[in-house]
Amino acid sequence: MANSLLTLSSEVKYLKGVGPARSELLAARGIHTVEDLLYYTPFRYEDRTRITRIRDLVPGQTTTVLAKVLTCGLMRTRKGLYIYDLAATDLSGMLRCKWFNAVYLEKHKVFRQGQRVFFYGKVERDPFGTGNLQIVQPQFEILPESAEEGAESLEVGRVVPIYESVGTLGTRVLRRLISAALTALEAQIPDHLPESVRQRNKLVDRGPALRLTHFPDGERPIEEVASFRTPAQIRVIFEEFFAVGAGLALKRRKAKAAAGIEFHVTEGVRQAIKQILPFHPTGAQKRVLKEIADDMCSPRPMNRLLQGDVGSGKTIVAVQAALLAMENGHQVALMAPTEILATQHYLYIKDLLAPLRYEVDLLISARKAAEKSELKRRIARGEVHLVVGTHALIEEDVSFARLGLAVVDEQHRFGVMQRFKLIRKGATPDVLVMTATPIPRTLALTLYGDLDFSVIDELPPNRTPIETRQIFERDRAQAFEFIGDKVRRGGQAYVVYPVIEEGGKLDLKPAVRMYDHLSRNVFPEFRLGLLHGRLPSDEKEGVMQRFKRGEVQVLVSTTVVEVGVDVANATVMLIEHADRFGLAQLHQLRGRIGRGKAKSTCLLLAEEPLTDVASERLRTMTETTDGFRIAEIDLKLRGPGEFFGTRQWGIPTFRVANLLRDQEILDWAKREASDFVERPASRQEFEAFVTYLRAHWPRRYGLASVA
Ligand code: ADP
Ligand code: MG
């Protein structure tokens, strides 16, 4: 195909310079079409309008140098370390570059004498040698020896885009391919953003926006380019957020139009709730219950996310919602991520509802086959009113007679698909998903754009704040003494171990070993329990029950206690290898204590030396117990990619936009998007954009259907 026939949807293999091998590499990165390639944007820019002469280099400065290779080769230090050492000159002086352990540079003969190379990095004085200037591990780009005509203008004397390599395709190759695609296409890049939106927000057109995002033209200050805030870059980021915002707004509109169950708050409901409530709900609990009840009483299906920090009391809110459903003659399913938590919920709810006439049961895979099939029969006949369970609830052969409310606890532990599977067990049940893992406030609404949102922002009364201390191995004896003291006075303690993965297998030994050691040598006078995921179900449950009743005083556990477990008398937690846990996980674990009136203490035992990130995480833990604050820091430390990790959140994947960097554009684009969906300037504009979204949504944003 000639380049002149190239369109955005052409496969990349039709681009000049892309053969089968390269197109395979690109495909592995999700780059299939020319459009995909154009949205593969630089992760930074290098200002090569200002190339520094070697003579003018200043230690401490981060800069670009263009120099010719004089000598290069691998050296070995006396300690056996490999260093790749290179000397280069630009006639004004000489610069050394060093790469540690870079055997590959030698093996692949990357550098040769006489090559012209851009080096980019921080200049420093060689601390061992002659005080020469050097750059350690510089980024580099080798210029072709016989530069094709025009090729050089992409590399020199301008602000140059730097791309993350795609397999073996380096930044220079990508730059050339993208430049070629832009040249071939420029006049034919249709703009799918609605005209009215573009005009109102004074957005650059798509073609120029893409070109200037890849190849800034020197009109804008380099600082603006580097922070992705040129009008061109803003347009490309906006476009991505706008599409997602509009898609979610459409989804929401559709959900709101569907027919659901209309529950009624009857006198019976009020009486039932009054009869079972073990305490006075907090103001926040009352408020969210009202939001939930309003949803359930409307003729539309509820889709609500209930967020509340660990220990804020979500369970009782769910139980009240369940009563509303059951009093109206419907069944309720409550799904939890672990057997321990499901069992705990089951026992708690069964106890709570004992004065009423409801059948409550537990569906987990650990139960005997005969019991399970009998239970499934009763669920299908509508004889069980409230079923608590794990993933076992969404198996094929589970069906409900009249599922009216589906509750998913600790929903961040489930995939989006699992949520849908549970929902499909009913006609159009109301759905309540609960999570304690806080999503930074600013992002929550966007990410869960198809859900309504309730927040419990108040803890039950009489909680004493948890004190958190970070300690090292040398403090261990003292820590054990502290725990012993608390337990002797009637308290209970958790000792938590990370489960270490070794060669793909979970290594439970450290926890088991510690249990033995503690039982025999440290706390021989106490009753200890051991809990980990590999124990048979009834054993897990047995240990948990004994801990709840206070018979087990010190519970040695892996992270299976991370979610939901509620034992108010436990007031100490020692977390071993605390440096190996993520912030969210530490916060969840710590949430197991501080559930009663007595003061609780959390000891984070870490191994030295701490990495910067680990030490920041631990400091955060000692400084705050506010889950939202912790989530914000977690997001900063990990970056959005890792924070949201897998697709489990059901969050769109952004190609250009960065959730951390671009929050204000996100808010703006989202406002514009819902405005557009509610009040489009014209019918045609609306239809055209919806058509575009339908075609691009699933592949582009990794979300299920729009509308
Ligand atoms: P989470 O939101 O983490 O799931 P839970 O529902 O497990 O929290 O509640 C934590 C603890 O607080 C439980 O022991 C629960 O009984 C208690 N609790 C919840 N709400 C109140 C309240 N309004 N007053 C007193 N205690 C409460
Ligand atoms: Mg809970």
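Both ligands and their constituent atoms are indexed starting at 1 by order of listing. Quantities reported herein were computed from a predicted structural model and do not represent experimental measurements.
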- Any Ala568 heavy atom less than 4.0 Å to ligand 1: no
- Item | Under-4.0 Å heavy-atom contact with ligand 1, by part of Ser312 that carries it | both
- Message: As an exercise, identify every atom of ligand 1 less than 4.0 angstrom from a heavy atom of Thr315.
- Response: 4 (O), 5 (P), 6 (O), 7 (O)
- Query: Is the shortest distance from a heavy atom of Arg463 to ligand 1 less than 4.0 Å?
  - Reply: yes
- Is Arg489 atom CZ crowded by more than 12 heavy atoms from other residues, nucleotides or ligands, each under 6.0 Å away? no
- Task: Report the part of Asp566 in contact with ligand 1, treating N, CA, C, O as backbone and CB onward as side chain, heavy atoms under 4.0 Å; options are side chain, backbone, both, neither.
- Result: side chain
- Spacing of CD1 belonging to Ile292 relative to CZ belonging to Arg287, to within rounding of 0.5 Å: 10.5 Å
- Message: Show me which atoms of ligand 1 lie under 4.0 Å from any heavy atom of Pro281.
- Response: 23 (N)
- Can you tell me if Gly308 has a non-hydrogen atom under 4.0 Å from ligand 1? no
- Item | Val310 neighbourhood, listing ligand 1 atoms whose heavy-atom distance to it stays under 4.0 Å | 3 (O)
- Query: To which of Lys314, Glu410, His280 does the heavy atom nearest atom 2 (O) of ligand 1 belong?
  - Reply: Lys314
- Within 4.0 Å of some non-hydrogen atom of Thr282, the atoms of ligand 1 are 23 (N)
- Task: For His264 and Asn328, test the side chains for any donor-to-acceptor distance below 3.5 angstrom and give the result as yes or no.
- Result: no
- Message: Only heavy atoms of Arg595, strictly under 4.0 Å: list the atoms of ligand 1 that pass.
- Response: 3 (O), 7 (O), 10 (C), 11 (C)
- Message: Please report whether the ring centroid of His532 lies less than 6.0 Å from that of Tyr497.
- Response: no
- Message: For the OG1 atom of Thr338 and the NE2 atom of His391, what is their distance to the nearest 0.5 Å?
- Response: 10.0 Å
- Only counting residues at least two apart or in another chain, list the ones meeting salt bridge (Lys or Arg N to Asp or Glu O under 4.0 Å) with Glu374. Arg377
- Message: So, using side chain to side chain donor-acceptor pair (under 3.5 Å) as the criterion, who are the partners of Glu371 when residues are at least two apart?
- Response: Arg367
- Can you find an N or O of Gly311 that's nearer than 3.5 Å to an N or O of ligand 1? yes
- In terms of side-chain geometry, is the basic nitrogen of Glu607 or Arg580 positioned less than 4.0 Å from the acidic oxygen of its partner? yes
- Checking Gln492, Arg546, Gln545 against Glu551 for side chain to side chain contact (heavy atoms under 4.5 Å, CB included), the one that qualifies is Arg546
- Query: What atoms of ligand 1 come within less than 4.0 Å of a heavy atom belonging to Pro460?
  - Reply: 18 (N), 19 (C), 20 (N), 21 (C), 22 (C), 24 (N), 25 (C), 26 (N), 27 (C)
- Which is closest to atom 8 (O) of ligand 1 by heavy-atom distance: Gly313, Pro461, Ala284? Gly313
